[in-house]
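My structure is below; once you've seen it, I'll send some questions.
Convention: sequence-line order gives letters A, B, ...; per-chain numbering from 1.
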Protein chains: 2
Amino acid sequence: MSTAQGARARARIEVTAAIKDEARRQLAVEGAAKLSLRAVARELGMASSALYRYFRSRDELLTALIIDAYDSLGEAAEASYAAVGGESPAGQWVAVCEGVREWALARPHEYALIYGSPVPGYTAPDTTVPAASRVGRLLIRIVRDAYQAKGEAQWKVPAELRPEARRMAEELAPDLPPETVVVLAGAWAQLFGLVNFEVFGQFHRVVEDREAFFRHAAGQLAHHVGLVYPQSEAAAR
Amino acid sequence: MSTAQGARARARIEVTAAIKDEARRQLAVEGAAKLSLRAVARELGMASSALYRYFRSRDELLTALIIDAYDSLGEAAEASYAAVGGESPAGQWVAVCEGVREWALARPHEYALIYGSPVPGYTAPDTTVPAASRVGRLLIRIVRDAYQAKGEAQWKVPAELRPEARRMAEELAPDLPPETVVVLAGAWAQLFGLVNFEVFGQFHRVVEDREAFFRHAAGQLAHHVGLVYPQSEAAAR
DNA sequence: CCGATGCAAGAGCGGTGCTCTCGTTTGGGG
DNA sequence: CCCCAAACGAGAGCACCGCTCTTGCATCGG
């Protein structure tokens with residue numbers, strides 16, 4: 001068993017976790033650019049050189065934090081999804097969007113790590129891919145479940161995009177119409193555009209009631225991907 | 001006249017420009033995080049300390065580059081707008097979106113400077129506001145011109161958002177219906193969500209034919225803000 | 001013409017990432 | 001059970017960083 005490892009391996013895991021925790025702490029205070037290996041080591045009471053036994057470089061530490069951040073965000077999104085349970089697909093969609101937003105607002109620096117400018121010179125290893133796609137997969141699932149019930153494509157895609165749409169559908173969601181997959185990918189990017197602008201302060205002096213604004217925008221995105229827009233539901237009664 | 005200043009002032013302007021140029025050059029190669037004042041000075045054949053006569057700190061240099069980047073992007077967007085001339089509002093919208101995208105893809109590091117994670121600890125001075133809002137103002141203009149011709153609101157905004165919608169409309173575009181202003185602000189953020197994902201590599205292994213994808217998404221955004229979607233125009237004939 | 005001002009250079013401070021070396025600890029196979 | 005290789009921590013050191021302070025020099029205005 002992996003838990004029955006020797007004391008050495010156990011200590012290694014603990015120290016690694018301690019380093020990441022302290023790094024995350026500094027990240028939350030100063031941001032990624034000012035994350036200093038020496039400061040982490042100092043805070044942990046060890047020599048800076050000892051740290052290199054656990055992470056080959058600063059970038060490797062950052063990579064570990066990036067993966068953790070993706071996973072944390074994915075968990076938050078999935079928790080929001082689970083929390084609304086049997087609500088309408090649009091309600092699920094909006095809940096997931098709000099979960100993402102709240103996670104991002106609570107840890108802006110970790111968010112910046114994964115959805116801000118990439119670390120210069122550094123390209124994300126494929127290790128990050130599964131963690132990075134959790135939110136996207138969740139959004140796909142919501143739409144797919146909605147289509148399972150009553151489903152037909154309702155968008156037209158221009159001819160020039162049709163082969164790409166087919167390819168995307170095949171790779172990402174074989175049981176959804178290609179047009180929907182294209183629209184979904186767009187909505188996915190647009191969701192993070194909204195979150196980005198809010199977290200990075202681009203809405204300064206533009207949008208003030210950001211919570212209501214976001215809820216509305218997320219609802220419109222839901223409508224856009226073919227889910228019934230909650231407001232229009234309510235207005236119909 | 002300001003142009004008839006002494007040789008001293010003239011030299012100052014030239015050196016300042018040279019510093020910014022060299023900094024931009026390094027930016028394009030290494031990214032903002034690795035921009036080094038010492039390296040800039042070295043390349044310019046001057047002592048690093050001399051550089052502080054022109055920029056009080058590294059952050060101030062970055063701020064200057066940020067303003068320039070905003071202006072450069074604004075100019076690119078306006079050029080795209082001017083280039084399509086009398087086309088339909090939706091055509092103008094898509095052209096501006098594509099102008100933004102192309103500018104961003106051509107200078108990813110400058111784009112990251114303004115739409116990526118903000119520089120840590122640094123908050124953009126209000127100096128940047130006018131330059132930063134150029135693209136937004138251009139999008140507003142396109143929609144306003146379209147409404148000038150035949151205009152009525154076509155979105156409903158939930159009650160909780162109505163006061164904010166009124167406030168936004170009053171401040172940003174008094175001659176547009178509040179609902180439209182809200183949708184427009186969302187589309188603005190979403191546009192940069194699309195560009196962000198492409199420039200920062202989030203579409204890796206998801207979207208391959210990014211040009212066609214973007215054109216389609218931009219067209220849908222145009223449709224979303226109430227402009228006639230070009231494809232549906234063509235399909236209607 | 002001379003004094004005030006702008007400017008460049010150098011030295012230096014405290015910090016960084018990272019490497020290399022050198023003792024020490026420790027765990028598993030003979 | 002014991003011993004050796006592997007893992008580990010610490011320290012010194014390299015090259016670089018942003019930034020400051022002081023010192024001379026050039027230049028401009030009265």
Whole Å only: how far is the NZ atom of Lys34(A) from the C1' atom of dC17(D)?
13 Å
Regarding Glu14(A) and Arg10(A), does a basic nitrogen lie under 4.0 Å from an acidic carboxylate oxygen?
no
Where the side chain of Leu37(B) is concerned, which of dC18(C), dA10(D), dC19(D) is the nearest nucleotide?
dC19(D)
Looking at Ile140(A), Leu176(A), Val143(A), which one forms a side-chain contact (heavy atoms from CB on, under 4.5 Å) with Val181(A)?
Leu176(A)
Please check the phosphate of dA9(C) (OP1 and OP2 only) for any side-chain N or O of Ser49(B) closer than 4.0 Å.
no
Separation of dA6(D) atom C1' from Arg12(A) atom CZ, nearest Å, is 12 Å
Does the pair Arg167(A)/Glu164(A) count as a salt bridge with the N-to-O cut at 4.0 Å?
yes
Select one nucleotide: of dA10(D), dC17(D), dG17(C), the one nearest the side-chain heavy atoms of Arg58(A).
dG17(C)
Students often get this wrong, so: under 4.0 angstrom with heavy atoms, is Leu35(B) touching a base, only sugar-phosphate, or nothing?
sugar-phosphate
What about Tyr115(A) and Phe200(B), are their ring centers closer than 6.0 Å?
no
Nearest whole Å is fine: how far is dA8(C) P from Leu51(B) CG?
9 Å
Which nucleotide in the list dC19(D), dC8(D), dC17(D) gets nearest to the side chain of Ser36(B)?
dC17(D)
Side-chain N or O of Tyr52(B) closer than 4.0 Å to phosphate OP1/OP2 of dC21(D)
no
Whole-Å distance, Glu30(B) CD to dC17(D) P, equals 11 Å
Just the rounded figure in Å: distance from P of dG17(C) to OH of Tyr54(A).
18 Å
Protein N or O to nucleotides 23-25 of chain C N or O, pairs below 3.5 Å:
residue: dT25(C); atom: O2; partner: Arg8(A); partner atom: NH2; Å: 3.4

Can you tell which of dG9(D), dT16(C), dA8(C) lies closest to the side chain of Ala39(A)?
dT16(C)
Between the base of dG15(C) and the side chain of Arg38(A), is there a donor-acceptor distance below 3.5 Å?
no
Does Arg56(B) put a side-chain nitrogen or oxygen below 4.0 Å from OP1 or OP2 of dT20(D)?
no
Please determine if Glu171(A) and Arg205(B) form a salt bridge, counting it only when a charged side-chain N lies under 4.0 Å from a carboxylate O.
no
Backbone of Leu73(A) reached by a side-chain donor or acceptor of Arg107(A) within 3.5 Å:
no
In this structure, how many angstroms lie between the C1' atom of dG17(C) and the CG atom of Leu62(A), rounded?
12 Å
Is the shortest heavy-atom distance from the side chain of Thr16(A) to the side chain of Phe55(A) under 4.5 Å?
yes
Contacting residues from residues 16-28 of chain A, given that a heavy atom lies under 4.0 angstrom of DNA chain D:
none
Given atom CZ of Arg42(B) and atom C1' of dA9(C), what is their separation to the nearest angstrom?
16 Å
Polar side chain donor-acceptor pair, Gln220(A) to His224(B), under 3.5 angstrom
yes
Tell me what Phe55(A) touches on the nucleic acid: a base, only sugar-phosphate, or nothing, going by heavy atoms under 4.0 Å.
nothing
Less than 4.0 angstrom from a charged side-chain N to a carboxylate O is my criterion; do Arg101(B) and Glu98(B) meet it?
no
Does Gly136(A) offer a backbone N or O that forms a donor-acceptor pair with the side chain of Ser133(A) under 3.5 Å?
no
Taking any heavy-atom pair under 4.0 Å as a contact, classify Leu44(A): base, sugar-phosphate, or nothing.
nothing
